[in-house]
Amino acid sequence: MTTSTVDVQDLERRVKDVYREVALRPDRTYHFEMGRPLAERLGYPGDLLDQVPPSALDSFAGVGYFLDLAAPAAGERALDLGSGSGTDSFALSHLVGPGGQVTGLDMTDEQLAKADRLRVYAGRDNVKFVRGYIQDPPLPDQSVELVVSNGVINLAADKAAVFRAAARVLAPGGRLALADIVSDRPLDAVITCNAELWASCIGGATQIDTYVATIEQAGLTVTSVRENPEYRFLSESAQGATNTYGIRSISLLAIRSA
């Protein structure tokens, strides 16, 4: 599912521009909501959010809750694709406990710097943040039990490569749990060619049936899909595209075959 309809280098630049601002200026207005109130409305338990540094939560720009589907267990190893300022990574580090290990992966330097600064401040020895791309995570094969991602895979030009990478690093029986933006109908070229709309989590939305099929073609079995009706875009242009193409947020669980 590689796209030739968007300039990939321009897309990467725009995504970095947006999420640099999300890290440094979370009080600004974006196409999407941010912060702890959003996380709470999406379903994150308050006691779990209390384990996340408040400054990480300020830059939270996720699109759904999925950690209940992921069911992380004490001692497990997890990879967070597109970890941003670290909300899900910090939550996971609490859930897997001191015997577990969480790796947060992101390509935006400002997000990584913020997350790592907060990691040191919070004294979280079982989480680390590394620079890299979600389609090529720098982890060995079969090295984690859990891969998660929140609102990031829709930003990837080659989603099939991302899902193949997730399957590669997962141990047999491991889980992929995510929240992401999908559509009910294929997007027109006027949307998919617009790197700005891609960077705003709209232009890269894939039709849900294709999205699920791409996951399963990577060697994972999708076992649960649910809609996140509490997620919404803010700008008129984003809302217009949402209404026209049925763009929405879902949470999903997939299992790697043993």
Side-chain angles (χ1 to χ4, degrees), residues 1-4 6 8-9 11-12 15-16 19 62-64 66-67 69-70 72 76-84 86-89 92-93 96 100-109 111-112 115 127-182 198-199 201 203-225 250-258:
M1 202 164 61
T2 303
T3 180
S4 59
V6 67
V8 175
Q9 290 184 333
L11 173 61
E12 180 178 329
V15 169
K16 286 181 176 179
Y19 290 95
V63 303
F66 54 82
L67 294 177
L69 298 176
E76 285 194 316
R77 301 159 297 173
L79 169 64
D80 183 3
L81 297 175
S83 50
T87 290
D88 287 310
S89 293
L92 276 170
S93 76
V96 302
Q101 178 67 49
V102 179
T103 300
L105 177 71
D106 208 277
M107 69 176 184
T108 304
D109 291 337
Q111 293 275 28
L112 287 168
V127 60
K128 62 181 178 180
F129 295 97
V130 300
R131 192 183 192 284
Y133 293 90
I134 61 175
Q135 68 271 22
D136 188 22
L139 271 68
D141 295 357
Q142 301 186 16
S143 58
V144 299
E145 287 79 35
L146 178 62
V147 174
V148 304
S149 184
N150 200 337
V152 174
I153 296 175
N154 73 89
L155 299 170
D158 190 347
K159 296 172 179 61
V162 177
F163 294 131
R164 288 194 301 268
R168 177 184 67 78
V169 301
L170 279 171
R175 295 101 64 210
L176 168 68
L178 59 84
D180 207 8
I181 301 298
V182 299
W198 272 75
C201 296
T206 301
Q207 189 174 7
I208 179 61
D209 292 346
T210 302
Y211 192 93
V212 170
T214 305
I215 294 173
E216 299 204 324
Q217 288 165 6
L220 303 165
T221 300
V222 175
T223 60
S224 178
V225 179
I250 60 160
S251 293
L252 176 152
L253 177 68
I255 311 296
R256 186 188 187 279
S257 59

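As a basis for the values below, the full set of heavy atoms in this structure was taken, side chains included, without hydrogen atoms, waters or symmetry mates.
Note that CG of Leu252 is 11.0 Å distant from OG of Ser149, once rounded to the nearest 0.5 Å. Here CG of Asp88 is found 5.5 Å from CG of Asp80. Values are rounded to the nearest 0.5 Å. Here the OG-NZ distance, from Ser89 to Lys128, works out to 12.0 Å after rounding to the nearest 0.5 Å. To the nearest 0.5 angstrom, Ile215 atom CD1 is 7.0 Å from Ile153 atom CD1. How far CG of Leu220 is from CZ of Arg164: 12.0 Å, rounded to the nearest 0.5 Å.
Applying the 6.0 Å contact sphere to NZ of Lys16 captures more than 12 heavy atoms from other residues, nucleotides or ligands.
Every residue two or more places apart in sequence or in another chain that forms a side-chain contact (heavy atoms from CB on, under 4.5 Å) with Ala115 is listed here: Phe129. Legend: residues meeting side-chain contact (heavy atoms from CB on, under 4.5 Å) with Ile255, ordered by chain and number and at least two apart, are Arg175, Thr223, Leu253. With sequence neighbours excluded, no residue forms a ring-ring contact (aromatic ring centres under 6.0 Å, His included) with Phe66.
Residues Pro137 and Val169 approach most closely at CG-CG1, 4.1 Å, considering heavy atoms. Scanning both residues, Gly62 and Asn150, for their nearest heavy atoms gives CA-OD1, 3.3 Å. Residues Leu112 and Val130 come closest through the heavy atom pair CD2-O, 3.4 Å. Closest approach of Pro72 to Val96, counting heavy atoms only: CB-CG1, 4.1 Å. Of all heavy-atom pairs between Val8 and Ala157, the closest is CG2-CB, 3.9 Å. In plain terms, the two heavy atoms of Tyr19 and Gln111 that are nearest each other are O-NE2, 3.2 Å.
Side-chain contact between Lys159 and Gln135 is absent, with no heavy-atom pair separated by less than 4.5 Å. When side chains are defined from C-beta on, Leu170 counts as touching Val144, because their heavy atoms get closer than 4.5 Å. Inter-residue side-chain proximity for Val162 and Ile134 is flagged as met; some heavy-atom pair is nearer than 4.5 Å. Between Val15 and Met107, the closest side-chain pair of non-hydrogen atoms falls below 4.5 Å. Using a 4.5 Å cut-off on side-chain heavy atoms (C-beta onward), Leu176 and Phe163 make contact.
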### Test side chain to side chain contact (heavy atoms under 4.5 Å, CB included) applied to Val182 and Thr206, step by step
CA-CA 5 Å; Val182 299; Thr206 301; 5.6 Å; no

### Task
Output, in order, the C-alpha distance, side-chain angles, deciding distance and verdict of side chain to side chain contact (heavy atoms under 4.5 Å, CB included) for Val148 and Leu79.
CA-CA 6 Å; Val148 304; Leu79 169 64; over 6 Å; no

### Query
How far apart are the C-alpha atoms of Gln142 and Arg168, what are their side-chain angles, what is the distance that settles it, and do they pass the side chain to side chain contact (heavy atoms under 4.5 Å, CB included) test?
CA-CA 6 Å; Gln142 301 186 16; Arg168 177 184 67 78; over 6 Å; no

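Using a cut-off of 4.0 Å between Lys/Arg side-chain N and Asp/Glu carboxylate O, Arg131 and Asp106 are scored as not salt-bridged.
Formation of a donor-acceptor pair under 3.5 Å by the Arg256 side chain with backbone atoms of Gly219 is not found in this model. Between the side chain of Glu76 and the backbone N or O of Leu146 there is no donor-acceptor pair closer than 3.5 Å. Between the Ser83 side chain and the Leu105 main chain, a donor and an acceptor come within less than 3.5 Å of each other. Looking only at distances, a side-chain donor or acceptor of Glu145 sits under 3.5 Å from a matching main-chain atom of Arg77. In this structure, the side chain of Thr214 engages the main chain of Thr210 through a donor-acceptor pair within 3.5 Å. Between the side chain of Asp180 and the backbone N or O of Ser251, no donor-acceptor pair lies under 3.5 Å. A side-chain donor-acceptor contact under 3.5 Å links Ser143 to the backbone of Pro140.
In the model, Tyr211 has no side-chain atom that pairs as donor or acceptor with a side-chain atom of Asn154 under 3.5 Å.
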